[in-house]
Amino acid sequence: MLDNKYNASVSEPKWQKFWQDNNIYKFDKNSNKPIYSIDTPPPTVNGHIHIGHIFSYSQAEFIARFKRMTGYNVFYPFGFDDNGLPTELYVEKKHKVKAHEIGREKFRQLCYETVQSLEEEFKNLFITVGNSADWDLMYHTVSKESQRTSQMSFIDLYNKGKSYCASAPALWCTKCRTSIAQSELESVERDSIFNYLKFFIEGTNDYVEIATTRPELLCACDCIFINPKDEKNKYLLNKKIRIPLYNFTVPVLTDDKVDMEKGSGVVMCCTFGDQTDAQWFKKYKLEYKKAIDDSGKMTEIAGKYSGMKVREARAQIIEDLKANGYMIKQENITHQVSVHERCGTEMEINLKRQWFIKTLENKDVWKKIGDEINWYPSFMKSRYTDWVDNLIMDWCISRQKYFGVPIPVWYCKDCGTPIIADAKELPVNPLIDKPKHACPKCGSIHYEPEIDILDTWATSSITPQINCKWNVDDKMFNKLFPMSLRPNAHDIIRTWDFYTIVKGFYHNDSRPWNNIMISGFVMADKGEKISKSKSNAKQSTFEFIKQYSADVVRYWTATGSLGRDILISEDVLKNGAKLVNKLYNAGKFIWQFLDNYIPKKTNLFPMDKWIILKYNKMFNSFKKYFEKYEIGLAMNELESFFWNFCDNYIEISKNRLYKPEIYGENGKLSAQYTCYTVFLKMLQLFAIYLPHITEEIYQNTFKNTQNEISIHKFNIGKIDVDFDEKIIEKGDAVVNIISSVRQFKSENKLSLKTEIKSIEITNEDVEFISSCIDDIKAVTSTQNIKLNQGNFDIKIGEIISDNK
RNA sequence: GGGAGAUUAGCGCAGUUGGUAGAGUACCUGCCUUACAAGCAGAGGGUCAUAGGUUCGAGUCCUAUAUCUCCCACCA
């Protein structure tokens, strides 16, 4: 029996422990069932889990439960992305230290410790919301195993010629002091000044006007570009241009990329002002003039500005340009600039030895694989293809940081050739370990270690390989790869999804997953994304759970449409609370009549057949929506069925349950069978969304007459029937009659239990109405019903009693 | 500038292949009905953003336009 009141704060932890203790969600290695595998996003360990995570993760979690309950052996690992820059930045902030100041080893140790306590907190929170991951399959991107696989990936790419080491222009963050990848950039609008400067033509008093927002880079100017079709400025070719204030001269070159309409149609090329400069640098093999050092200060070539920060130098040089008559005019503009997404620092370009993975040369392949994968919702695919189309740089994977997977490489001291670690000795730390062989090129045994580490995405992009045991357990790998589902929010399509596709192709010549499911964001308010930096999450997830229970929070996460952003809504949370309450009450009610009931088939009354068929119909659309990953729409179907079950079916059948002496023992048996069967089936569907309340009900009621240890062990499905679907329509007509009587009573301000002496019903199907005439009489409190054949009409007669 | 999504009741949303606009919530009116007042019944409320087009028929398909959101590019 069920207690009078449901107490979520007691029940939820109880069942969470029960599921753990009984391995309810465990992946079965030896099962013959089809496998459904989920490539769970490892949350970045750089702060606290907020409601946005819970939203996104729940969406995938519903799929895991649905698949588990439709006969799949679900492989659902959980992991943490605990290496790399985001974690370093978090640790620096939390402990108020700077990595380069306290030293590599001390800092790494601090990172390890910080990450461990945070992960414990993360894990507990996910357990608290009833996440059904198999916690035995836990992974960490900084673990020995992950490091090994990540370094193996690096070596495999090197051996296949898909990665290279080069001194090539790479994006550089002067605050984080590391290279970054194109995907780590973000555009923000910044105010700036367009400076129109005089560049004198050597040997004349004539000048050409060139506009720039970055006058501090004059010292790094290599040349001037004009468009080859530019008739107006053609005269500049073969002339030398003198650089203002610096007095050196540069040549004039032509390139198609120059926009004749922009500014004066003449551009200066510096190393490096922007990505176009970097492209020209490579294309025309220009000289590298390093004007900005790694920490964002001007170098000695800047002359008097040397040692100044970029912005400081810019302000100063503008003054000097004005004072020396070079400034023609200035324009205030706002423009989009690329900044590092982690810290907001304006991106620079730097030339250093870096490792790259080739992404530009296979754009067609990336798109083809994108086409092979089912995208849910489908429109999110364009985010991916747009990104691939717009790629302009290979993926730079080396980072000048500390806490992460070391690049398994040494360099020959004599000839500079990379000495790659052997696959057998992984994981290695080149700072500690020694190479097992001499330089492959010159045979020298003198080496120096690589001190850089790998981009965190270089490791998280192989979560399928890590989890499926690539090069560890071939049998397992072949069973699990490609994985069934990649779920993530839309912000990491260009990073995590794209890079995983790249790795899957290079390593395994395959797409990494068959389906991808993209969730939206939780907005604090319309148009405002929840973020840690703004700390605009109105309440923490923990507080929501405390106030409403985990089931209710889960309910809210299920109300969103796939791929669409959602607002935190107290209204929706309240709805969820009502639903949980109603479920419990409905369970309590029907179990008054099922206590000693042993389920057995019986001759069913017409309206009992009706609700069973309604259930089956609902189940069809429920399943259809789930197969399209539309969990919210599936829940709508279920929820409205449930309210209909309570408000109409229970009302119709309750008299038979209460009074078998009047309505017959068969009427009671039929209602018992129907309540038992439909409620149990419905409970199983609700278990996907509301795992705790459904378990609570199941354990205290159905468990005695069912074999499964938990509600979550059932296979969901339809109810077997041998009767005609037309009963749905006929039963709906009966509900319609009941509604008419309710309407009459409501309009006349009567209580619903007001007795009516007689009703005259005209209906096309007299036979069906007549077969459930007792139910209609009981639910409408009517003594006599007269039936006529014809178009629907209802006449309500004299009222017998009014309770007022 | 390129691309994607959205626009339906006061609000947040659903509307499958074109066939008379839907539930929830809020508001209003009632009802303590042998589960549930966190409940039940009922009522009102919408030129489906705008303008064209296709069609016997358009919320749905096509073409523009407007507004909002997001992604990407634009630093000369």
Side-chain angles (χ1 to χ4, degrees), chain A residues 2 4-5 185 187 190 192 194-195 210-214 217 224-226 257-259 262-270 273-277 280 333 335-338 346-347 377-387 389-392 490-491 493-494 520-521 523 526-527 529 559-561 563-567 569 571-572 574-575 577-593 621 624-625 628 630 632-633 636-637 639-640 643-644 646-647 650-651 654-655 657-659 738-739 741-754 779 781 803-804:
Chain A
L2 291 164
N4 197 38
K5 284 275 173 203
L185 294 178
S187 279
R190 291 269 163 93
S192 187
F194 231 156
N195 302 283
I210 297 179
T212 178
T213 55
R214 302 206 63 180
L217 290 177
I224 303 297
F225 274 103
I226 61 169
K257 272 200 82 144
V258 180
D259 184 349
K262 206 163 182 176
S264 55
V266 186
V267 194
M268 70 167 183
C269 172
C270 310
D274 64 11
Q275 303 212 25
T276 311
D277 290 344
W280 281 333
I333 55 162
H335 63 170
Q336 297 286 320
V337 293
S338 295
E346 283 184 33
M347 168 274 289
S378 55
F379 66 79
M380 278 296 175
K381 190 167 114 181
S382 61
R383 295 264 179 116
Y384 172 78
T385 41
D386 279 3
W387 177 252
D389 281 335
N390 288 312
L391 273 176
I392 54 168
H490 57 62
D491 56 334
I493 292 175
R494 65 182 187 170
F521 278 132
M523 310 301 255
K526 256 203 167 146
K529 191 173 149 184
T559 57
S561 251
R564 299 255 290 268
D565 294 343
I566 189 177
L567 293 173
S569 159
D571 283 349
V572 173
K574 281 177 189 156
N575 273 353
K578 281 190 201 172
L579 174 66
V580 168
N581 186 49
K582 187 84 172 174
L583 253 183
Y584 194 76
N585 280 319
K588 233 167 53 182
F589 175 75
I590 66 167
W591 275 86
Q592 288 176 57
F593 309 101
S621 29
K624 194 188 75 194
Y625 279 129
K628 289 193 289 184
E630 285 285 4
L633 300 179
N636 279 350
E637 296 284 322
E639 212 186 338
S640 54
W643 290 93
N644 184 31
C646 292
D647 297 341
I650 288 185
E651 289 303 319
K654 76 201 295 186
N655 293 290
L657 291 167
Y658 273 122
K659 298 174 193 160
I738 296 166
S739 288
V741 179
R742 284 169 171 170
Q743 185 181 352
F744 169 83
K745 290 182 180 174
S746 186
E747 278 170 358
N748 291 284
K749 305 191 175 179
L750 298 168
S751 147
L752 285 180
K753 68 175 186 185
T754 306
V779 76
S781 307
N803 269 9
K804 265 185 181 170

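Note on naming: letters A, B, ... go to the chains in the order of the sequence lines (proteins, then strands), and numbering restarts at 1 for each one.
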At 4.0 Å (heavy atoms only), tell me whether A/Phe194 reaches a base, stays on the sugar-phosphate, or touches nothing. sugar-phosphate
Which part of the nucleic acid does A/Ser640 contact within heavy-atom distance under 4.0 Å: base, sugar-phosphate only, or nothing? nothing
B/A41 -> Watson-Crick or G-U wobble partner, both distances under 3.5 Å, gives B/U29
Atom-to-atom span, NZ of A/Lys749 to P of B/U33 - whole angstrom: 18 Å
What does A/Thr212 touch in the nucleic acid at a heavy-atom separation under 4.0 angstrom: a base, only the sugar-phosphate, or nothing? sugar-phosphate
Using whole Å, report how far CG of A/Asp571 lies from P of B/G10. 16 Å
Could you check whether any side-chain heavy atom of A/Met347 comes within less than 4.5 Å of a side-chain heavy atom of A/Gln275, counting everything from C-beta outward? yes
Please tell me which of A/Trp387 and A/Lys588 maps to the more 5' nucleotide of RNA chain B, matching each residue to the nucleotide holding its nearest heavy atom. A/Lys588
Atom-to-atom span, CG of A/Asn575 to P of B/A23 - whole angstrom: 16 Å
Sticking with atom C1', work out how far B/U65 lies from B/U25, rounded to a whole angstrom. 34 Å
Do A/His490 and A/Phe521 come within less than 4.5 Å of each other through their side chains, counting heavy atoms only? yes
Could you tell me the separation between the CG atom of A/Asn748 and the P atom of B/A43, rounded to a whole number of Å? 13 Å
Phosphate OP1/OP2 of B/A14: any A/Ser561 side-chain N/O under 4.0 Å: yes
Indicate whether OP1 or OP2 belonging to B/C13 is found under 4.0 Å from a side-chain N or O atom of A/Thr559. no
A/Glu651 and A/Arg742, any side-chain heavy atoms less than 4.5 Å apart: yes
Paired with B/C36: which nucleotide, if any, by Watson-Crick or G-U wobble criteria at under 3.5 Å for both distances? none
The nucleotide from B/G5, B/G42, B/U33 with an atom nearest the side chain of A/Ser746 is B/G42
Integer-rounded Å distance: B/A4 C1' and A/His490 NE2: 11 Å
Please give the distance between the C1' atoms of B/G19 and B/A58 as a whole number of Å. 10 Å
Do A/Asn4 and A/Lys588 have side-chain heavy atoms sitting under 4.5 Å apart? yes
Nucleotide of B/A73, B/C71, B/G15 approaching A/Leu633 most closely (side-chain heavy atoms): B/G15
B/A43 and B/A6, which share atom name C1', separated by this distance in whole Å: 32 Å
Do the side-chain N and O atoms of A/Lys582 and A/Asn585 include a donor-acceptor pair separated by under 3.5 angstrom? no
Does any nucleotide pair with B/A6 by Watson-Crick or G-U wobble geometry, both distances under 3.5 Å, and what is it? B/U67
In whole angstrom, give me the gap between the C1' atoms of B/G22 and B/C48. 12 Å
Indicate whether OP1 or OP2 belonging to B/A43 is found under 4.0 Å from a side-chain N or O atom of A/Arg742. no
What's the closest nucleotide to the A/Ser739 side chain, out of B/U33, B/G42, B/A14? B/G42
Watson-Crick or G-U wobble partner of B/C11, both distances under 3.5 Å: B/G24
Tell me the closest heavy-atom pair linking A/His335 and A/Ser192, and the distance in Å. NE2-CB, 3.3 Å
In the structure shown, which nucleotide is the Watson-Crick or G-U wobble counterpart of B/C74, with both distances under 3.5 Å? none
How far does the P atom of B/G1 sit from the matching atom of B/C11, given to the nearest Å? 31 Å
Just checking A/Lys574: base, sugar-phosphate only, or nothing, at a heavy-atom cut-off of under 4.0 Å? nothing
Give none if B/C48 has no partner; otherwise give the nucleotide forming a Watson-Crick or G-U wobble pair with it, both distances under 3.5 Å. none
May I have the distance from A/Phe744 (atom CZ) to B/G42 (atom C1'), rounded to whole angstrom? 13 Å
With rounding to whole Å, what would you report as the distance between B/U8 and B/A51 at their P atoms? 15 Å
Taking atom C1' in both B/A23 and B/A14, compute the distance separating them and give it to the nearest angstrom. 8 Å
Within the 4.5 Å heavy-atom criterion, are A/Phe589 and A/Ile650 side-chain neighbours or not? yes
Which nucleotide in B/C74, B/G2, B/C75 has an atom nearest any side-chain atom of A/Asp386: B/G2
Considering every strand and a 4.0 Å limit on heavy-atom distances, what is the contact class for A/Arg190: base, sugar-phosphate, or nothing? nothing
Earlier contact from the 5' end, RNA chain B, for A/Arg494 and A/Leu752: A/Leu752
Set out, line by line, the N/O atom pairs under 3.5 Å between protein and nucleotides 37-39 of chain B.
from  : atom 1 : to       : atom 2 : distance (Å)
B/A38 : O2'    : A/Asn581 : ND2    : 3.0
B/G39 : O3'    : A/Lys582 : NZ     : 3.0

Straight-line distance of A/Lys745 NZ to A/Ser781 OG, nearest 0.5 Å: 4.5 Å
Closest to side chain of A/Asp274, choosing from B/G5, B/U16, B/C75: B/C75
Return the value, rounded to whole Å, for the distance between atom CD of A/Gln743 and atom P of B/U29. 18 Å
Record whether the side chain of A/Lys753 comes under 3.5 Å of the base of B/U34 through a donor-acceptor pair of N or O atoms. no
A/Val266 near the nucleic acid: base, sugar-phosphate alone, or nothing, with a heavy-atom cut-off under 4.0 Å? sugar-phosphate
Got a second to check how far A/Thr559's OG1 is from A/Asp571's CG, nearest 0.5 Å? 11.0 Å
Using a 4.0 Å heavy-atom cut-off, does A/Lys659 contact any base of the nucleic acid, only the sugar-phosphate backbone, or nothing at all? base
Could you work out the separation of B/C70 and B/C62 based on their P atoms and round it to a whole Å? 26 Å
Calculate the interatomic distance between A/Met380 atom CE and B/C70 atom C1'; express it in whole Å. 8 Å
Look at all strands and tell whether A/Cys269 reaches a base, only sugar-phosphate, or nothing, counting heavy atoms closer than 4.0 Å. nothing
Report which part of the nucleic acid A/Glu639 touches: base, sugar-phosphate, or nothing (heavy-atom distance under 4.0 Å, all strands). nothing
Heavy-atom closest pair (A/Ile738 atom, A/Val779 atom, distance to 0.1 Å) is CD1-CG1, 3.5 Å
In Watson-Crick or G-U wobble terms, with both distances under 3.5 Å, the base opposite B/A58 is none
Can you check whether A/Val267 reaches A/Lys257 side chain to side chain, under 4.5 Å on heavy atoms? no
